[in-house]
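Start at 1 and go down the list; that is how both ligands and their atoms are numbered. On a predicted model such as this, the values are computed, not experimentally measured, just so you know.
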Amino acid sequence: MSTYLGLDFGGTKLAAGIADGHGRLLAIERCPTDAAAGPDGAISAMRRLVQSFPRSLPEPVAVGISFGGPVDLACRRTLLSHHGPGWEDFPLVERVAEVWRRPVAMDNDANAAALGEFRFGAGRGYRNVLYVTVSTGIGAGVILDGKLYRGSRGLSGEVGHTIVLPDGPLCPCGKRGCVEAIASGPSIARAYAERAGLPPAAITAESVFRRAEQGDEMARDVLRWAIGLLGIGLANAINLLDPDVVVVGGGVSRAGDALFSPLREAVRANSAPSPPGAVPIVPAVLGDAVGVLGAVALVCDQSRDSAPG
Ligand SMILES: [Zn+2]
């Protein structure tokens with residue numbers, strides 16, 4: 001059995017795992033990211049995680065990397081991390097190859113997650129998959145005809161920065177009214193805190209969903225607004241891509257039906273009429289392991305593409 005090492009370099013946590021080519025996870029370990037330690041610190045932390053795996057596991061044949069930030073078009077170097085210094089133009093693939101002496105594949109976290117859900121999760125069995133993560137930010141990855149679509153500059157799938165409300169709330173990208181500025185976890189929390197006159201630190205998206213469930217009309221209003229506009233963003237992407245399925249992951253998706261029912265309704269109301277019926281919008285299934293399994297999916301695809309014959 002061939003196994004693969006998946007490394008997930010996230011902004012708040014690092015994870016390393018071993019899985020086989022079917023996405024069966026044999027081991028996974030996590031630790032918090034020390035942003036100040038930069039890339040070298042993160043690689044050392046990954047080595048420690050891997051060293052803590054049971055000795056009985058088969059040696060991985062290749063290494064995949066999911067990186068929480070933009071990477072260059074060749075997927076060899078990281079361009080920057082929003083969470084800490086030192087990642088500008090850093091040769092992460094080369095460094096990881098020096099440590100583990102195996103072939104290495106890398107992509108940004110949204111693309112890796114999209115491929116992970118496509119190969120091993122909720123997108124399995126489909127050919128065209130739009131994966132969207134609704135979390136601290138809103139990212140997306142696009143699988144077209146069974147392959148990750150990266151665009152001309154590696155910037156495909158920026159559903160989070162499509163504008164759905166001109167002059168709306170300010171987005172971390174500097175523009176106003178992006179989907180991310182309205183429906184990411186922190187944006188939902190901020191909208192509620194502003195309306196309720198509470199300090200933003202006192203509120204999380206999770207608590208807004210809880211308040212709505214308990215009958216708080218203001219919380220219900222904020223969620224109707226945020227999910228409605230997220231639905232417009234997804235409907236626009238669906239109209240453009242005509243995917244078989246939309247897979248939604250990320251922390252906010254844990255709200256379950258409180259998110260998915262109004263989201264499906266908003267998408268249906270804003271999509272072009274399609275004869276075969278609505279595009280299914282389903283929850284991601286890989287959970288916290290999506291980064292590691294996405295990284296494994298990347299390196300499995302690369303090994304398959306470079307295999308002779
Ligand atoms: Zn934006």
| said: In terms of relative ring orientation, are F9 and W87 parallel, tilted or perpendicular, with 30° and 60° separating the classes? | reply: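 Answer is perpendicular, since the angle exceeds 60°.
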
| task | Taking all heavy atoms of D20 and all of H22, pick out the closest pair and write down the distance. | result |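 Shortest heavy-atom contact: OD1-N, 2.9 Å.
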
| query | Can you name the closest pair of heavy atoms from I227 and A266 and give their distance? | reply |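 The pair with the smallest heavy-atom distance is O-CB, 4.1 Å.
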
| query | Hey, are D216 and Y192 close enough side-chain-wise for a donor-acceptor pair under 3.5 Å? | reply |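 Yes, side-chain donor-acceptor contact under 3.5 Å.
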
| request: Please name all residues satisfying side-chain hydrogen bond (donor to acceptor under 3.5 Å, both in side chains) with R102, sequence neighbours left out, ordered by chain then number. | output: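 Applying side-chain hydrogen bond (donor to acceptor under 3.5 Å, both in side chains) to R102 gives E59.
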
| Any side-chain heavy-atom pair of F120 and V296 under 4.5 Å |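 Counting from C-beta outward, F120 and V296 do come under 4.5 Å.
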
| query | Which residues and atoms, counting only protein N, O or S, are under 2.8 Å from the Zn ion (ligand 1)? | reply |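 Counting only protein N, O or S atoms under 2.8 Å from the Zn ion (ligand 1), the list reads H161 ND1, C171 SG, C173 SG, C178 SG.
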
